[in-house]
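Report on the following structure.
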Amino acid sequence: MTISTVSTKAKVVEILSSEELRRTVNRLASQIVEKTRDLSQLVLIGIHTRGVPLAQLLARQIEALEGLSVPVGALDITFYRDDLDQIGLRTPAKTEISFDLTDKIVVLVDDVIFKGRTVRAALNAVNEYGRPEVIRLAVLVDRGHREVPIHPDFVGKQLPTAKEEIVKVYLQDIDGRDAVELIAD
């Protein structure tokens, strides 16, 4: 369970309900299938923390659509970040990629893209597991404010935000519910 520290005067707006999140994941899975020329080479790599269950949801939906089981991996990018001094102390999660990524069509999956630094770190980390044919990026929410030139290939929801606002994704496997909220003070 995630404990959030939101002030009592913060304004919370639901951006995606459970049903809207489910439809968004279904749409993302369909877009991935449409853009992937050889589904037998497709692998999904979720970026810890919420990118992992999101990748698993996408894999289940792709299997429902195409009857094909897609390998899913989990990637921790803690030691690849260039801003460890700014994000505070973290306990790294376990990277679990039990397959070679060489010549695969890799779709990195994350919940929210903001500055782009997490994805940049993930791109560096992926290279330790082989040389993919192509790497694409799927995100549930794109909130803008990039600091590096990274753009997702598959976006569930474009959500213009102010820099000080927070986008919080809740997923059933981690949080006990599915939703996306925008939190502003």
Side-chain angles (χ1 to χ4, degrees), residues 2 15-16 21 24-25 27-29 31-36 41-59 62 70-97 99-171 173-174 180 182:
T2 302
I15 302 301
L16 294 176
L21 193 142
T24 301
V25 168
R27 189 176 69 253
L28 282 169
Q31 290 172 358
I32 291 168
V33 166
E34 289 172 14
K35 193 165 180 175
T36 304
Q41 295 302 306
L42 177 64
V43 298
L44 302 177
I45 305 292
I47 301 171
H48 277 292
T49 296
R50 283 168 183 76
V52 175
L54 192 55
Q56 293 164 343
L57 286 171
L58 287 166
I62 291 169
V70 176
V72 177
L75 184 65
D76 179 77
I77 52 87
T78 301
F79 297 117
Y80 295 89
R81 295 191 67 103
D82 65 355
D83 58 354
L84 279 173
D85 59 327
Q86 297 171 17
I87 62 170
L89 188 60
R90 292 187 165 187
T91 302
K94 185 176 181 188
T95 291
E96 296 178 23
I97 300 175
F99 39 86
D100 185 10
L101 299 182
T102 301
D103 296 329
K104 297 293 185 188
I105 299 165
V106 173
V107 176
L108 286 173
V109 180
D110 206 3
D111 57 346
V112 178
I113 186 167
F114 182 30
K115 297 177 182 180
R117 294 188 177 281
T118 296
V119 176
R120 188 212 45 84
L123 290 169
N124 288 340
V126 160
N127 288 328
E128 294 202 13
Y129 296 91
R131 187 178 186 283
E133 176 184 319
V134 64
I135 301 173
R136 295 195 173 106
L137 176 61
V139 297
L140 188 61
V141 177
D142 182 350
R143 61 174 291 191
H145 304 287
R146 238 43 110 245
E147 292 179 356
V148 293
I150 291 175
H151 183 76
D153 300 280
F154 311 103
V155 178
K157 176 95 174 150
Q158 295 275 17
L159 183 64
T161 63
K163 283 189 175 183
E164 63 277 1
E165 291 175 320
I166 298 168
V167 175
K168 182 72 177 143
V169 174
Y170 298 93
L171 294 174
D173 290 352
I174 296 173
V180 176
L182 178 66

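- Side chain of Arg50 to backbone of Leu54: no donor-acceptor contact under 3.5 angstrom is found.
- Judged as a side chain to side chain contact (heavy atoms under 4.5 Å, CB included), and not counting sequence neighbours, the contacts of Val52 are His48, Gln56, Ala74.
- Leu28 and Val139 make their closest contact through CD1-O, 3.9 Å (heavy atoms, listed as atom of the first residue, atom of the second, distance).
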* To do: Please report the C-alpha distance between Leu58 and Val107 in whole Å, then the side-chain angles of each, then the deciding distance to 0.1 Å, and finally whether the side chain to side chain contact (heavy atoms under 4.5 Å, CB included) criterion is met.
  => CA-CA 10 Å; Leu58 287 166; Val107 176; 6.0 Å; no
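- Smallest separation of non-hydrogen atoms from Gly116 and Ile150: O-CD1, 3.4 Å.
- The two residues Ile174 and Pro53 come nearest to each other via the heavy atoms CD1-CG, 3.6 Å.
- In plain terms, the two heavy atoms of Ala59 and Val70 that are nearest each other are CB-O, 4.0 Å.
- Put simply, CZ on Phe114 and CD1 on Ile166 are 9.5 Å apart, with the number rounded to the nearest 0.5 Å.
- The CG atom of Asp142 lies 11.5 Å from the CG atom of Asp110; values are rounded to the nearest 0.5 Å.
- Scanning for side chain to side chain donor-acceptor pair (under 3.5 Å) contacts around Glu128 gives Tyr80, with sequence neighbours left out.
- Within the 4.5 Å cutoff, the side chain of Leu101 has heavy atoms near those of the Ile45 side chain.
- Here the CD1 atom belonging to Ile113 is positioned 8.5 Å from the CD1 atom belonging to Ile47, to the nearest 0.5 angstrom.
- Nearest heavy-atom pair, Asp76 versus Pro92, reported as atom, atom and distance to 0.1 Å: OD2-CB, 3.6 Å.
- Note that OG1 of Thr24 and CZ of Arg27 are 4.5 Å apart. Values are rounded to the nearest 0.5 Å.
- Using a 4.5 Å heavy-atom cutoff, the side chains of Lys157 and Val180 are not in contact.
- Remark: the backbone N or O of Ala162 is paired with a side-chain donor or acceptor of Arg143 at under 3.5 angstrom.
- A 4.5 Å side-chain heavy-atom check between Val167 and Ile15 finds every atom pair outside the cut-off.
- Residues satisfying the side chain to side chain contact (heavy atoms under 4.5 Å, CB included) criterion with Ala55, sequence neighbours excluded, are Leu44, Val72, Val109.
- Atom OG1 of Thr118 sits about 9.0 Å away from atom CG of Asp111, to the nearest 0.5 Å.
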* Asked: Step by step, would you call Val112 with Leu140 a side chain to side chain contact (heavy atoms under 4.5 Å, CB included)?
  -> CA-CA 6 Å; Val112 178; Leu140 188 61; over 6 Å; no
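- Side-chain atoms of Arg120 do not come within 3.5 Å of backbone N or O of Val148 as any donor-acceptor pair.
- Side chains of Leu108 and Leu123 form a contact here, defined as non-hydrogen atoms less than 4.5 Å apart.
- In this structure, CD in Gln41 is found 11.0 Å from OG1 in Thr102, a value given to the nearest 0.5 Å.
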* To do: Take Lys35 and Arg136 through the side chain to side chain contact (heavy atoms under 4.5 Å, CB included) test and state the conclusion after the steps.
  => CA-CA 10 Å; Lys35 193 165 180 175; Arg136 295 195 173 106; 3.6 Å; yes
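- In this structure a side-chain-to-backbone donor-acceptor pair under 3.5 Å is missing from Arg131 to Asp103.
- The closest donor-acceptor contact from the side chain of Asp153 to the backbone of Leu137 lies under 3.5 Å.
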